[in-house]
Q: 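The structure under discussion is supplied below as structure tokens; questions concerning it will follow.
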Amino acid sequence: GNDGSSPEEGGSASKGGTLNVLTWEGDVSDETVADFEEEYGVDVNITYVEDTNTILAKMLQGNSEYDVIDIESAYMKSFVDAELLAPLDYDKITNYENIDPVYVEKGAMGDEKLTYSLPITGPLYTGVVINKETCPIEIDSFEDLADPALEGQVWSTNATISLYAGALKALGYSPNSQDEKELNEAQALLQKIKPNIKAFGASSISSLETGECSVAYTYDYNILMFDDKANWDKFEIVPETTLGYCQYWTVAASSENQKLANEFINYTYSAESAIKLLNEWGGVPALKRELIEEGVAKDYFENPMLQEFADMWPDHEELSVSDEQTAIMDTLYNELMSGE
Amino acid sequence: MSKPIVSIVNVEKLYGDNHVVKNMNMNIDEGEFLTLLGPSGCGKTTTLRMISGFEMPTSGTIKVQNERIDKKEPYQRDVNTVFQNYALFPNMNVYDNVAYGLRVKKVPKAEIHERVKEALKMVQLEGFEKRKVTQMSGGQKQRVAIARAIINRPKVLLLDEPLGALDLKLRKQMQIELKRLQKKLGITFVYVTHDQEEALTMSDRISVINEGRIEQIDTPREIYEHPKTKFVANFIGETNLLDAMILEVKGNQAVIGTEVGKALVSLDPKEKFQVNDGVSVSIRPEHMKFSKTPVEGFSIKGVVKEQIFVGNLIKMMITLNDGTEIRINRFDAADLEETGELLYLYWELPWGIVIKEKNLINTDSFRDIKGGDPDEEE
Amino acid sequence: MSKPIVSIVNVEKLYGDNHVVKNMNMNIDEGEFLTLLGPSGCGKTTTLRMISGFEMPTSGTIKVQNERIDKKEPYQRDVNTVFQNYALFPNMNVYDNVAYGLRVKKVPKAEIHERVKEALKMVQLEGFEKRKVTQMSGGQKQRVAIARAIINRPKVLLLDEPLGALDLKLRKQMQIELKRLQKKLGITFVYVTHDQEEALTMSDRISVINEGRIEQIDTPREIYEHPKTKFVANFIGETNLLDAMILEVKGNQAVIGTEVGKALVSLDPKEKFQVNDGVSVSIRPEHMKFSKTPVEGFSIKGVVKEQIFVGNLIKMMITLNDGTEIRINRFDAADLEETGELLYLYWELPWGIVIKEKNLINTDSFRDIKGGDPDEEE
Amino acid sequence: MKKSEEKPRPKGRPKKTRRERMTTLIMQAPMTIWAALFIIAPFCLLAFMSFMTKGPLGSIQYTPTLDNYKEILNPVYADVIKQSLVVAGWTTTLTILMGYPLAGFIAKVKSKTSSLLTILLMLPLWVSGLVVLYSFVILLNNSGIINTILMKLHLLKEPLALLYNNFAIVVGMIYMFLPFAVLPMYSSIEKLDPGLIEASKDLGAGPVKTFCKVTLPLTSPGVFAAIILTFIPCIGYYMVTDMLGGGTSLMIGNLIYRQFTISRNWPFGAALSVVLAVIIFLMVFIYTKLGGDLDDLGA
Amino acid sequence: MKKKKIINGLHKTYVLLLFLFFYAPVAVMILFSFNTSKANVVWQGFTTKWYLKLMGDSELWGIFGTTVLIAVLTTIFASVVGTMGAIGYKKSKGKLAKLITNSTYFPIVIPEIVLAVALFMIFNTSGFSLGIPAIVIGNTTICLPYVYITVKSRLVGMEPSIEEASLDLGADRIYTLFHITIPQIMPGIVSGAFMAFSLSLDELIITSFLADAGTTTLPMKVYSMMKKGISPEINALATVIFTVSILCVVIYLAVDGIRTIKAVKARKKPRDL
Ligand SMILES: Nc1ncnc2c1ncn2[C@@H]1O[C@H](COP(=O)(O)OP(=O)(O)OP(=O)(O)O)[C@@H](O)[C@H]1O
Ligand SMILES: Nc1ncnc2c1ncn2[C@@H]1O[C@H](COP(=O)(O)OP(=O)(O)OP(=O)(O)O)[C@@H](O)[C@H]1O
Ligand SMILES: [Mg+2]
Ligand SMILES: [Mg+2]
């Protein structure tokens, strides 16, 4: 393989033991995990995240045995501030070079120098997606979702941050604004949109596919984009509405297996691992394209979105939420959701 | 006899293969107290349930006041039941239980009130209106059940072992009460019991049932003194049964031979007996006599095995040669005989009841129905 | 009397405020058949449960063979119980039920086998070893329960209404069987029943209990013929009770006055009676006589209200002036009297039993205990 | 006579022997400890926490405050609670209405058949409630199986909105809780003495009257138990609202869940839990006062 | 009578429809385990690849194993603690006894999430580490009342004199417990245990609060997949579980049927007495 560090030399010290990895579905392929276990002779426990906040809460209570944690950028600052993360050992992460510089240069919000974190894949976006076949109106801004013509046709993410950040951005504010006035304005906008919303939830693909909804404000459309070639023409994103963020590998400060943790992170950056991931889950690769081009389907990179996503990234202000913002948004959210 | 209020004609009932009621024919007269008596499982409850409508006869007809009712729903019949376990509604108090039948019929409130009071008075439960039925004793519950049934003024009241769950003393007391109530109301009572004493005390007529068949319908006295079958003789009261054969017929009398000796009996002139006929002779314990010397015509003897003093009588057990045990009840509180003493047994002729063997078809019920209604249906 | 095997001294039992057993004193002799007789709720079961160890006396001592056992666990006592509802182990077959007591004691298998066989033979259940107890009839279950209890060869066998759930016929039969078994085994039986006839039939002695108090302990005959209290007279057999006052004492006889007339009685020489003493006179229905003309010394009269034929006897109901009902049983099957006829009542002197009023303290049980064991404790 | 003058022994004589008490104590011990450690103590702590203050990043500061409860007075939360109760109420009503005839049927058939039916009823939940629930998304969506069939049959032109509304929530909830609700109703119907039904008919009441006046009142313990067994879990079971309801309105279960996850505000979550617990306790209290028996809940 | 037949017919039809309602989603679940689409909402084509994948999916089987392990442990704990408690508290009427027995009912009458939160807090505060032991404790707490109630109802229905008969025959309390009481209440224990097992298998709320890094259960896995749609592989696993359950029921019925046939034959033997 083309991985820089050979398992023999790196792994000898860490033979045996267990590595607890907390990650999102789709951020590491099952095969890679199995390969790693075999090569290093360790057990890898994969736990899937439901919500990063929960992890943060658990870790703040000192009740966690995770070694490797997959964090979304929005919470990076909180994790760093709470000193929950250990600095990465770049000596172990030799595959660092494989990563597309675009993603490394920008760094993560709250960890701009990537002391603690490395992006797992290319950027993810939350934004408005339209089913071109069924959407009754032209949409080019977030506010358009309030159009009465869309009544009962909108799917929305249920992630608080994305909701308010999207509204803030549409109003011309920073998506990470903590200003109460600005947030209240955002609330007013959301309240206008809410009657149109059919459902809040995680998975939106199905509802767009089944015709349940014609528009979705969602964070997982990228998967849909790459999953099925037929969808490439059917769906369209509204670039003005996008929020970008990345998932990052980090190592827990409390981890007793830091060396192995770094080795694991390094392992996922091998071209082989990246190819397996793309083939299993799709998505924007974090590695340089030339390293993986051969491993994936011929038409994989023909998807026009792929380039667009990569190109959009430098202009995006990554999401990052503070404690105060969480508190305010939360109250607003409860208010938003309580009325009929 | 007055006109029949209930008539049961050729009724058969099968549960699957189980032939529970066999060709039953019976007329029940207006105002009479008729008891169905028989051992457990003989089909008494089944018969009652067919009259009340909870079971359908497999074949045959049942009429109440000449109206075929076997196609009516139970709640459309003018017949009420007092259930063995009372079946009081536990969610209602005494008043509501008794008023139930009237409320269902939408009788005006004032009238309900009136009639409930009257019914409760009838069963001597005034003042218990508000009591929960779960807080009442067995006898009281029984009375509520009766009040609840009679308030509807049914033509026929069916009672399925209504006193079965009560203790002896209370039972005796309720027997008398029930009988009085029946007289006062003038309603026809069809009463089920397996307690022969109860049947004898209360009934105008008793219908003795065995394995789904009516063995005899008659007045208590007739049944006690002139059982038509061995089963009836044995089931009603204690008795000593001797299997015998007629050796000699002399007018109304006969000499019979048993395994343990000869004896004399008098014959029923209405029936024909011949020499060599197999018969059974039933002699009640209180009619069995003994003597220390042989008695003319009798040659049955045995030894005293046991004598027990039971309240007002002395029960003697005599063992015959072939091991048969004969019971004798003596009411005179004279001194006991010696255990082991040899005694000669005899009886006064009228008390030795002769029953023909193979006489078990219920001819009697046929006779009974003959006078019944003429318009029998297909 | 032989030496007592169970002695109950000054035993009291309270459930909360409910005084269930009151200062009970009783000796039970070895090998005797003692019956506790009394109405429902009088404390019979409680007494039995104190002997078997399922309840602790609130105060007082209980000894079996001079050993205080009230501090022993039930399973350490040489006493076994036959429960009213049998309490057979439903998860075991007949053999296992009977063998249970021996298995617990780790008796060798061969011996268990031997003894189970013997016990089953004793109760005539050979061949039923493998039968599930749920598939047996009431009488059979009863016998298994007895076999299970006697296999332990207890010194005392306690039986709590063992025949209560059986029907009349079977019950009579089991009474005789039980009595025979007791004689054969020679074990002391303490038998509980509320059926006085059963008590009279089976017992050597009867202890009549009323509201937690022993009213009288005596042989059946003595209890029937010489009840010490009104309660006993009333509870044992049917009786006619007349409240009266002594008007005149003449040697062993007395003239008494009731509300409905005068009568003669003979007095028990052991007790002192004075003029003006309040007494009750008990006359059994079978001892009450009547005549169409007045009888010397008696001036009680009444009219015939009802006459019922019950099997072997005729029950007459006579109403006196003050409304009291008098019952008369006639065993001669002669013709009935006319209803409404005026009759004069009398009795032969020995059958009019005089009971002193206020004679309800159980002096008798004290007398009984006096001869008891001398080493009573603190 | 001397003996009887002796004072009765002190009343305190034990009713049971020492061994019996020992055995009882040993048997009681595990459940006592369990209840104390894992039920009573946690609830006490929960109550305690509800009076604490939220610290930065979701930590807890042990300074007592009533703010959490004051916050609950905010009409927003009253709305959330009301909304939850309404959905739970609908679910419960429909579950009972649908479950009662089923319970009646199970009670009516032979005992073999009835135990088979009970097993069949529970079996789908055995597999994994969530996976089966997810199947409802496949069944109910606009181009789902039901809409497709109805449209193929030309019964519909436009697909019916079956998913992401209260209808879907209630269907899902019924699916999850009906089996549990049927059991207590079944056992109380089975316990009903058939003699009482006959008595009622005998007294002239037709089937409908008999049902209203006898059957229903006498099986009400089972119905009450079923109500409790449906209503209470409904309130907290946020998965169904999330998955099938589209989450357009917040339920109290989700709200509490959010406090411990997204909002990281434990004291407030604790306070909400306490309030919810109190509401439910009041209901259960009324239930027992009406003569309900908690034992019926075990079916 | 005719009316009765019609009503009976309607009743049967209703029950049939209700079971249709219950099994429709199951049928869909089974059908979609053969779906090629990963998002698994729209039918795209038939495949058995998910079953092949499932066979080699050590991770999923590991999760399944964890789930079953937790359920088994929960069942054992709940059965033992609940049974002992029911026996021990059968006759107790004191205030303390009431407190304990009533609090045992808490988990049924309180929304699960409240209990989850309370347990989560107590473990955190006391420093008891989360993970399988904590999950088992949590699940046991939820299942305990079911075992307690079912066993208690058996105990109440049990003839009290049967235990007394055993003592009377010389067996001490322990012997009586094992030879008389437990066989008598076994059906209660079994149905309580069954309840505990199935509740625990499907338990999500408490489990996800009390899970630690290395522990995932099947419901947790399923719930986390909601983001992208539940993969047909999960459907395949659920189908396998379902099939096994059905097989168990069928085997049970068969064994039971054979037993009844035997019993009927035995009864037909000539009756003694
Ligand atoms: N619903 C039924 N299905 C099948 N067999 C039945 C049914 N009801 C009664 N039987 C059978 O019919 C026979 C007669 O039963 P029935 O209840 O009429 O007897 P019974 O004379 O009332 O007896 P008991 O004195 O015990 O009440 C019995 O053998 C009984 O087993
Ligand atoms: N465990 C108990 N707790 C409280 N009171 C009891 C208890 N057991 C019995 N009693 C009361 O004690 C009294 C006597 O009861 P006991 O069972 O000894 O009566 P009994 O003579 O056996 O009656 P029966 O003939 O009905 O069996 C009754 O009033 C009963 O209510
Ligand atoms: Mg009957
Ligand atoms: Mg008793």
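By convention in this document, chain letters (A, B, ...) are assigned in the order of the sequence lines, proteins followed by strands, and residues within each chain are numbered from 1. Here the structure is a predicted model, which means the values were calculated and not measured.
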Q: Going by salt bridge (Lys or Arg N to Asp or Glu O under 4.0 Å), name the residues that satisfy it together with A/D30, two or more places apart in sequence or in a different chain.
A: none
Q: Under a 4.5 Å heavy-atom cut-off, does chain A meet the side chain of E/S208, its backbone, both or neither?
A: both
Q: Does anything in residues 57-82 of chain E form a salt bridge (charged side-chain N to carboxylate O under 4.0 Å, His left out)? List the pairs, not counting sequence neighbours.
A: E/E59-E/K221
Q: Counting only heavy atoms not in E/Y14, do more than 12 sit closer than 6.0 Å to its OH atom?
A: yes
Q: If you count the non-hydrogen atoms of other residues, nucleotides and ligands that lie under 6.0 Å from NZ in E/K95, is the total more than 12?
A: no
Q: With a 4.5 angstrom heavy-atom cut-off, is it the side chain or the backbone of A/E31 that approaches chain E, or both, or neither?
A: neither
Q: How close do A/I46 and E/T216 get, heavy atom to heavy atom, and via which atoms?
A: O-OG1, 3.6 Å
